[in-house]
Every structure is written in structure tokens, then in C-alpha cells.
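A, B, ... follow the sequence lines: proteins, then strands. Residue 1 opens every chain.
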Number of protein chains: 4
Amino acid sequence: MMARGNTRQRIQDVALELFVEQGYEKTSLREIAEKLDVTKAALYYHFKTKEDILISLFRDLTAPIDELISWAQEQPSTLETKQEILRRYSEALAGASPLFRFMQENQGTVRELSVGENFKDRMFALRDLMILPDASLTDQVRCMSALFTMHAGMFVLKDAKGDPEEKRKAVLEVATELVVQAHTGVTTVTR
Amino acid sequence: MMARGNTRQRIQDVALELFVEQGYEKTSLREIAEKLDVTKAALYYHFKTKEDILISLFRDLTAPIDELISWAQEQPSTLETKQEILRRYSEALAGASPLFRFMQENQGTVRELSVGENFKDRMFALRDLMILPDASLTDQVRCMSALFTMHAGMFVLKDAKGDPEEKRKAVLEVATELVVQAHTGVTTVTR
Amino acid sequence: MMARGNTRQRIQDVALELFVEQGYEKTSLREIAEKLDVTKAALYYHFKTKEDILISLFRDLTAPIDELISWAQEQPSTLETKQEILRRYSEALAGASPLFRFMQENQGTVRELSVGENFKDRMFALRDLMILPDASLTDQVRCMSALFTMHAGMFVLKDAKGDPEEKRKAVLEVATELVVQAHTGVTTVTR
Amino acid sequence: MMARGNTRQRIQDVALELFVEQGYEKTSLREIAEKLDVTKAALYYHFKTKEDILISLFRDLTAPIDELISWAQEQPSTLETKQEILRRYSEALAGASPLFRFMQENQGTVRELSVGENFKDRMFALRDLMILPDASLTDQVRCMSALFTMHAGMFVLKDAKGDPEEKRKAVLEVATELVVQAHTGVTTVTR
DNA sequence: TATGAATGAGATTTCATTCAT
DNA sequence: GATGAATGAAATCTCATTCAT
């Protein structure tokens with residue numbers, strides 16, 4: 001009989017780990033339960049359904065992004081604000097990177113989960129904060145690209161050599177440049 | 001009773017449609033069979049397993065990319081070559097966009113399928129063709145970002161207004177700029 | 001937080017309500033507990049098992065019937081006695097009509113519960129009190145029919161218009177006539 | 001490997017037997033499958049859900065009753081018609097008596113199944129055919145009682161001694177008398 | 001008096017797959 | 001080329017029940 005009281009948290013941890021590793025659909029509750037050395041029924045004491053575990057995981061991710069969005073919506077829509085958004089977003093991503101990787105790799109599955117909508121909404125909100133309404137198509141692509149560079153960058157560079165913090169900086173730099181360029185039509189020459 | 005003989009093709013079409021819409025795991029053979037108005041057993045006459053259907057779909061996607069890669073490997077590693085790679089890649093993507101979207105949204109699931117490895121290999125080959133071995137971290141990010149911009153661009157801009165061909169051009173333009181910048185340290189000012 | 005001490009009673013009330021509405025099997029302890037805003041474990045403080053709740057409910061129903069039966073067994077087996085039995089039975093039924101309805105609609109489930117036997121025994125005892133041992137088959141049917149008319153009448157006429165007390169009287173009248181007829185071979189002409 | 005082709009029918013037979021014996025809820029598909037020596041999955045080849053098995057069983061019961069109802073609706077609403085209805089109903093019941101007993105004993109469970117409504121509708125249709133719209137409350141009870149006498153009679157007299165056909169006749173006789181009485185105000189003296 | 005946490009057993013259902021015809 | 005019938009494995013989920021606190 002081991003120390004309890006943290007079971008809910010432990011379920012979340014193990015579930016996230018397995019969801020990331022194998023995908024949501026391929027991870028069974030049996031697997032989660034076995035890894036925790038509890039019964040399947042115990043999972044149902046803490047979460048109403050399998051999807052519920054996922055949802056609870058998402059709340060932890062979306063909270064910081066929600067904060068970021070509402071902060072941003074109160075700022076003037078200047079280039080400086082946008083640079084700050086990217087900076088903060090970069091940190092939020094780094095802080096929840098496994099979940100984010102899961103998100104990225106399971107879009108298809110997650111799409112029809114109730115949580116999917118929520119996430120999409122966040123992405124669109126962010127996009128609207130980055131984009132200039134009357135910008136050229138090319139500049140709009142730049143802004144989207146800035147966001148996606150940050151998403152992708154996180155785990156694409158995972159197997160590249162180098163310090164993670166340095167890599168994050170490099171990704172942020174490229175993303176920032178894209179936004180600057182979308183706003184000013186020039187780029188800071190970086191060498 | 002209509003003339004058949006094209007069942008294999010029809011299976012592929014319906015399967016792709018459903019895989020894209022719902023994901024691979026969530027699509028059952030029953031569903032595919034019902035939509036085709038044949039029995040599940042009929043599917044097994046044409047394909048050895050469910051995964052086999054997926055693999056057959058991938059061959060159609062990977063073939064053009066393989067051609068692109070082997071063509072590129074015989075070219076000199078110049079900026080012009082890379083620009084041409086992006087141009088050709090853009091077209092390959094546009095030609096198989098549903099499958100590509102499926103790929104993107106089901107990375108997690110597809111990863112452990114035999115087909116997953118194949119795809120990853122292609123991506124790495126492409127990356128190696130775009131990147132300069134001794135480039136700065138930032139420039140490497142730019143090259144990756146160029147590739148991902150193209151992936152994302154396809155379906156992120158799906159709901160944006162405007163002609164698809166124009167959008168493709170805009171995406172290609174931004175991607176090209178990123179690569180140019182990674183190679184020369186400057187950007188073509190686009191206005 | 002309101003003053004308690006009546007929890008046992010409240011459990012019985014809610015359980016009866018749900019058992020009647022959904023059947024015994026389909027009603028879970030979770031449901032009962034939730035409706036009472038206590039935990040399932042609390043139910044187990046008051047009752048040893050789920051079946052125990054049912055049994056406790058039955059005691060309230062069977063007590064008046066038991067009284068009726070033992071009273072009847074001490075009376076002479078005359079037509080007047082039988083009419084009085086029906087009269088009293090009618091009142092007992094009216095007083096516990098939800099439970100009776102449950103009984104009626106869940107015979108199948110209740111049959112193998114220990115409580116089932118008890119109930120059947122009561123029914124047979126009543127039948128033996130109503131029937132003449134050497135009566136014709138037809139007259140025996142009349143006596144059974146009298147009893148069942150009363151059971152059914154209660155809730156079959158539920159959606160019919162009219163005052164419940166009047167309906168009870170009408171049912172009792174028909175039942176009484178059946179017994180009279182079984183005993184005398186004639187019927188009181190009622191118009 | 002035994003002779004097949006009749007599996008669907010065998011499932012229905014075994015299911016009815018167990019449903020009658022233990023109730024619908026308490027009968028598991030495992031049990032049915034085991035008794036048939038097939039796997040649970042085989043049941044799902046023939047029926048979409050557990051409820052579906054029940055529904056299929058009901059169709060066999062309701063068909064003759066439906067015929068009876070539509071025949072009756074085309075007849076003049078005379079006493080003779082009503083006597084004929086009872087006669088035919090008696091036969092229909094005798095022909096499907098296990099199913100009917102199940103129905104009677106599982107009203108609670110069956111009520112919310114889609115099949116429940118159907119059944120209720122039939123009962124109401126029959127009632128409307130038997131009842132005189134402007135009859136006294138007592139006469140209405142007599143008509144309902146006639147119907148219920150027949151339902152109950154079937155299996156209440158099961159353990160009584162005597163030939164089933166004779167018992168059926170006796171039940172029919174009592175039911176008929178009730179209807180006659182409701183229509184004429186007198187009873188045929190039967191001795 | 002009650003709760004929080006958990007269990008063991010079992011329910012219904014779904015799936016990919018097989019094979020004789 | 002295809003079907004009808006079935007299987008074995010596993011999935012999600014529910015339930016009555018227990019027990020330390």
C-alpha cells in the first residue's frame with residue numbers, strides 16, 4: 001500500500017506520456033492503469049471518460065494561452081506588441097511542449113473531440129492578433145508562418161544538436177523576423 | 001448491377017476520404033465497406049490488411065517526392081537548385097493535398113506504421129538538401145521553416161479568401177525568401 | 001447544511017421513486033446517491049445491500065396485507081367476508097400504489113429476489129381465501145380476475161379522467177360482482 | 001462444425017427463453033452466446049444491439065395483434081364484433097404466450113425501449129375498440145378487466161390443474177361475460 | 001454518520017481478420 | 001471477385017461492494 005492522494009495527478013502524467021508516445025486512440029485505459037498499478041475502474045473514479053482525461057490535460061495547456069490572448073487583446077496593435085506576443089508564446093510552448101507535440105501530431109483525432117474546437121478557437125484568436133487586416137496575402141502568410149515555425153520548431157529540432165534554450169531563441173528570432181517583415185517590408189540583416 | 005473492375009481504385013478513394021475526415025484509427029473497415037456497398041471481406045480480396053490500404057495510398061504520394069529527391073541529389077547544391085526544389089515541392093504538395101493533410105494530422109498514428117518511417121526519411125532527405133551543413137542555427141531554422149511553411153500553408157489558408165493558385169504562390173514566395181535569406185543574409189524587399 | 005437523521009427514510013423515498021420509474025435493475029446506487037447528494041458509501045451505512053433497500057420497501061407494503069390475511073383467516077368463509085376482503089384490499093392497494101405498480105411491472109426481476117417469494121405467498125394466500133375449493137374452473141377464473149382487476153385497475157385508469165376515489169370505487173364494484181357471481185351464479189343488475 | 005444457416009433463429013429462441021426466465025436486464029449476451037456455443041461477436045453479426053434482439057422478438061408478437069386490430073377497425077362496433085375480438089385475441093395470446101408472459105413481467109424494463117411505445121399503442125387501440133365512449137365508469141372498468149383477465153389468466157392458471165385449452169376457454173368465457181355485461185347490463189346466468 | 005478511494009467482476013460493443021463457398 | 005458467417009481479442013465503461021479514516 002503506497003502513498004496515495006496524488007492518483008489523479010499520476011493518471012494525468014502517465015496518460016500524457018502514453019498519448020504523446022502512441023497517440024490517443026492507440027492508448028488504452030488498460031495500459032494506463034497497468035502502468036500505474038491500479039485497476040481500470042480506478043481511472044473512472046477520477047475521470048468520467050477517457051476523453052475527460054484528455055480534456056483535463058488540455059486545460060493546463062490552454063490556460064496560459066488564454067491569459068496571453070486576453071493580455072494581448074488589451075494592448076495596442078503595434079509591432080512591439082506582436083513581438084512580445086511571440087516571445088510569451090514561445091515560453092508558453094516551451095513549458096508545455098509534450099502536450100503541444102501531442103496536439104500537433106493528433107490534430108486529426110483531436111479535431112472532433114470537444115476540446116478540438118477550443119483549441120482551434122485559440123489558434124484563430126492568435127492569428128487575428130498577429131495579422132494586419134488589410135495586409136497582402138504574402139504578409140498574411142508570413143504571420144501564419146511565424147506561428148507555425150514556432151510550433152514546428154520545438155520538436156523538429158529535437159534531434160538537432162545544441163542547447164534547447166539556444167534553439168528556442170533561434171526559432172523565436174526567425175519567427176520575429178517574419179512578423180517584422182510583414183509589418184515593415186524589410187528585414188533586419190542578421191550578420 | 002453495374003460493370004466493375006475498378007473496385008480497388010474505389011476502395012482507395014473512399015478510404016482516403018474517410019482517413020482524412022476522421023483519422024486512420026477511427027475509420028473502420030466496416031465503414032469503408034458500407035460506403036462502397038460491398039462486404040468487408042471484399043476489401044480483403046484487394047488488400048491484405050488495413051494498413052495495406054494506407055501503404056498503397058502513400059505510394060502515390062511518395063513517388064513524386066522520391067523523384068524530386070533523386071533529381072535534387074544530382075544537382076549542384078546551389079541556391080538556384082534549392083529554389084527549384086521548393087517550386088517542385090510546392091507542386092507535388094498541391095497535387096496530393098488531401099493525402100498530405102492526412103499525413104500532417106495523423107503523424108502520431110502513422111509514425112509507427114511501416115509507412116511512417118518511409119515518410120520521415122523523405123523529410124530528412126529534403127531537409128538535408130535544403131540546409132547548409134555549417135550554417136548558423138538561425139539559418140537552419142529558416143530552412144526548416146521554409147519547408148513547414150509550405151506544409152502548413154496548404155490547409156491553414158484553406159478557409160482564407162482568394163484563389164488557391166494565388167495562395168500557393170504566396171506561400172511559395174515566403175518559403176523561397178526564407179531560404180534565400182538563409183543563404184545570403186539578406187531579403188529581397190517585396191514592395 | 002441542514003439537520004439530518006432522516007437519511008434512511010430519504011433513501012427509501014428516492015429509491016422507490018427511481019425503482020418505479022426505471023425498474024430495479026436499471027436503477028444504480030450511484031443514481032440514488034446522487035439524487036440524495038450523498039456518496040454511495042453512505043447508502044451502505046444504512047442498508048447492507050441494494051436488495052436490502054428493496055426488501056425494506058416491501059415490508060411497508062406487505063405488513064397491511066399480512067394483517068388483512070390473518071384477519072381473513074379467522075373469519076368464516078362467507079360471501080360477506082370475501083366482499084370485505086376486497087374492500088380492505090382495495091384500500092391497502094390505494095395506500096401503497098407506487099410500490100404496487102413497481103411490483104406489477106417488475107415481477108420478472110423481483111421473482112428471484114428473496115422478497116419475491118414472500119410476495120407470491122401472499123398472493124396465493126389471498127387467492128385461497130377468495131376461491132371455493134370445489135368451484136368450477138370458470139368460477140375460479142372469476143375470483144382470480146377479481147384480484148387482477150384490482151391490481152390492474154389502479155394504474156390502467158391512471159390516465160382516464162375522473163376522481164381517483166371514484167375510480168377506485170368502480171374497480172371495487174366490478175371486482176365484487178365477479179366474486180358474487182362466482183358464489184351465487186347471478187349478478188346484481190347495476191342499472 | 002454443425003449445420004448452420006439457422007443461427008439467427010436459434011439466437012431468437014434462446015434469447016426469448018432466457019429473457020422470460022431471468023428478465024431482459026439480467027440476461028447477458030455472454031449467456032446467450034454460451035448456450036448457443038457461439039461467440040458474443042456472432043450475435044452481433046445477426047443483431048446490431050441487444051435491444052435489437054428484443055425488437056425482433058416483438059415483431060413476431062405484434063404482427064398478429066396488428067392484424068387483429070386492423071380487422072376490428074373495419075367491423076361495425078357491435079357486441080358481436082367485440083366478442084369476436086376477444087376470441088381472436090385469446091388465440092393470439094395462446095400462440096405467443098412465453099413472449100407475452102415476458103412482456104407482462106418486464107413492463108418496467110420494456111417501457112423505455114423503443115418497442116415499449118409500440119406495445120402501449122396496441123393496448124390502447126384494443127381498449128378503444130372494446131370500450132363504449134359514453135359508457136359508465138363501471139362499464140369501462142369491465143372492458144379493461146376483460147382484457148386484463150385474459151393477460152393474467154394465461155399464466156396465472158399455469159400451475160392450476162387441468163387442460164390448457166379448457167383453461168383458455170374458461171378465461172375467454174369470463175372475459176366475454178364482462179363485455180356482454182358492459183353492453184347489456186345483464187349477465188348470462190351460467191348454470 | 002458519513003466520505004474518498006479503490007476493486008473485481010462483468011456488461012455491451014467494436015474491430016480486424018479468416019475461410020469455405 | 002465477392003459474400004456470409006463467424007472468431008478472438010480487446011476496448012470503454014458500469015456496477016455493487018469494501019474499508020480505512
Asker: Who are the side chain to side chain donor-acceptor pair (under 3.5 Å) partners of D/Asp66, not counting sequence neighbours?
Answerer: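 Partners of D/Asp66 under the side chain to side chain donor-acceptor pair (under 3.5 Å) test: D/Arg122.
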Asker: Would you kindly give the CG-to-C1' distance between D/Asn6 and F/dG4, to the nearest whole Å?
Answerer: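 Answer to the nearest Å: 14 Å.
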Asker: Please list, chain by chain and in numerical order, all residues satisfying side chain to side chain donor-acceptor pair (under 3.5 Å) with A/Asp60, sequence neighbours excluded.
Answerer: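 Scan of A/Asp60 (side chain to side chain donor-acceptor pair (under 3.5 Å), adjacent residues dropped) gives none.
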Asker: Which residue pairs pass the side-chain hydrogen bond (donor to acceptor under 3.5 Å, both in side chains) test when at least one of the two sits in residues 21-30 of chain B, sequence neighbours left out?
Answerer: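 Sorted pair list: B/Gln22-B/Thr27, B/Gln22-B/Glu31.
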Asker: For DNA chain E, determine which residues of residues 41-55 of chain C have any heavy atom closer than 4.0 angstrom to one of its atoms, and list them numerically.
Answerer: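 Hits under 4.0 Å, by residue number: C/Ala41, C/Ala42, C/Tyr45, C/His46.
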Asker: Without swapping roles, check the side chain of D/Arg101 against the backbone of D/Val20 for a donor-acceptor pair under 3.5 Å.
Answerer: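 Absent.
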Asker: For the pair made of CG in A/Asp37 and P in E/dA6, what is the distance, rounded to whole Å?
Answerer: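 Rounded to the whole Å, the gap is 12 Å.
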Asker: Among residues at least two apart in sequence or on other chains, which ones pass side-chain contact (heavy atoms from CB on, under 4.5 Å) with C/Tyr44?
Answerer: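 C/Leu29.
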Asker: Could you check how far CG of C/Leu36 sits from C1' of E/dT3, rounded to whole Å?
Answerer: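 Value for this atom pair: 15 Å.
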Asker: Kindly state which residues belonging to residues 17-33 of chain D come within less than 4.0 angstrom of DNA chain F, counting heavy atoms of the residue only, listed by number.
Answerer: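 Those residues: none at all.
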Asker: Just jot down the salt bridge (charged side-chain N to carboxylate O under 4.0 Å, His left out) partners of D/Lys40, sequence neighbours excluded, or say none.
Answerer: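 Applying salt bridge (charged side-chain N to carboxylate O under 4.0 Å, His left out) to D/Lys40 gives none.
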Asker: Could you provide the dot-bracket string of DNA chain E, using ( ) for intrastrand pairs, [ ] for crossing pairs and | for bases paired to another strand, with Watson-Crick or G-U pairs below 3.5 Å?
Answerer: .||||||||||||||||||||
Asker: Please give, in whole Å, the distance from F/dA10 P to A/Lys40 NZ?
Answerer: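 After rounding, the gap between these two atoms is 11 Å.
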Asker: From CD of C/Glu34 over to C1' of E/dT3, roughly how many Å is that when rounded to an integer?
Answerer: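 Checked: the CD to C1' distance equals 15 Å.
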Asker: Toward the 5' end of DNA chain E, which comes first, C/Thr39 or A/Thr39, by nearest nucleotide?
Answerer: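 Mapping each residue to its closest nucleotide by heavy atoms, the 5'-most match is C/Thr39.
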Asker: Please enumerate all residues that pass side chain to side chain donor-acceptor pair (under 3.5 Å) together with A/Asp13, with sequence neighbours excluded.
Answerer: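 Applying side chain to side chain donor-acceptor pair (under 3.5 Å) to A/Asp13 gives A/Gln9.
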Asker: By side-chain contact (heavy atoms from CB on, under 4.5 Å), which residues pair with C/Ala42, not counting sequence neighbours?
Answerer: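 side-chain contact (heavy atoms from CB on, under 4.5 Å) check on C/Ala42 returns C/Val38, C/Thr39.
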Asker: Between F/dA5 and D/Thr7, is there an OP1 or OP2 to side-chain N/O distance shorter than 4.0 Å?
Answerer: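 Negative; the distance criterion is not met.
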Asker: Just jot down the side chain to side chain donor-acceptor pair (under 3.5 Å) partners of C/Thr62, sequence neighbours excluded, or say none.
Answerer: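 In terms of side chain to side chain donor-acceptor pair (under 3.5 Å), with neighbours along the sequence ignored, C/Thr62 is linked to no residue.
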Asker: So, the side chain of D/Glu105 versus the backbone of D/Phe102: is there a donor-acceptor pair under 3.5 Å, distance only?
Answerer: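 Checking the backbone N and O of D/Phe102 against the side chain of D/Glu105, no donor-acceptor pair under 3.5 Å is found.
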Asker: Listed by chain and number, what are the salt bridge (charged side-chain N to carboxylate O under 4.0 Å, His left out) partners of A/Glu51, not counting sequence neighbours?
Answerer: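 Listed in chain order: nothing, the list is empty.
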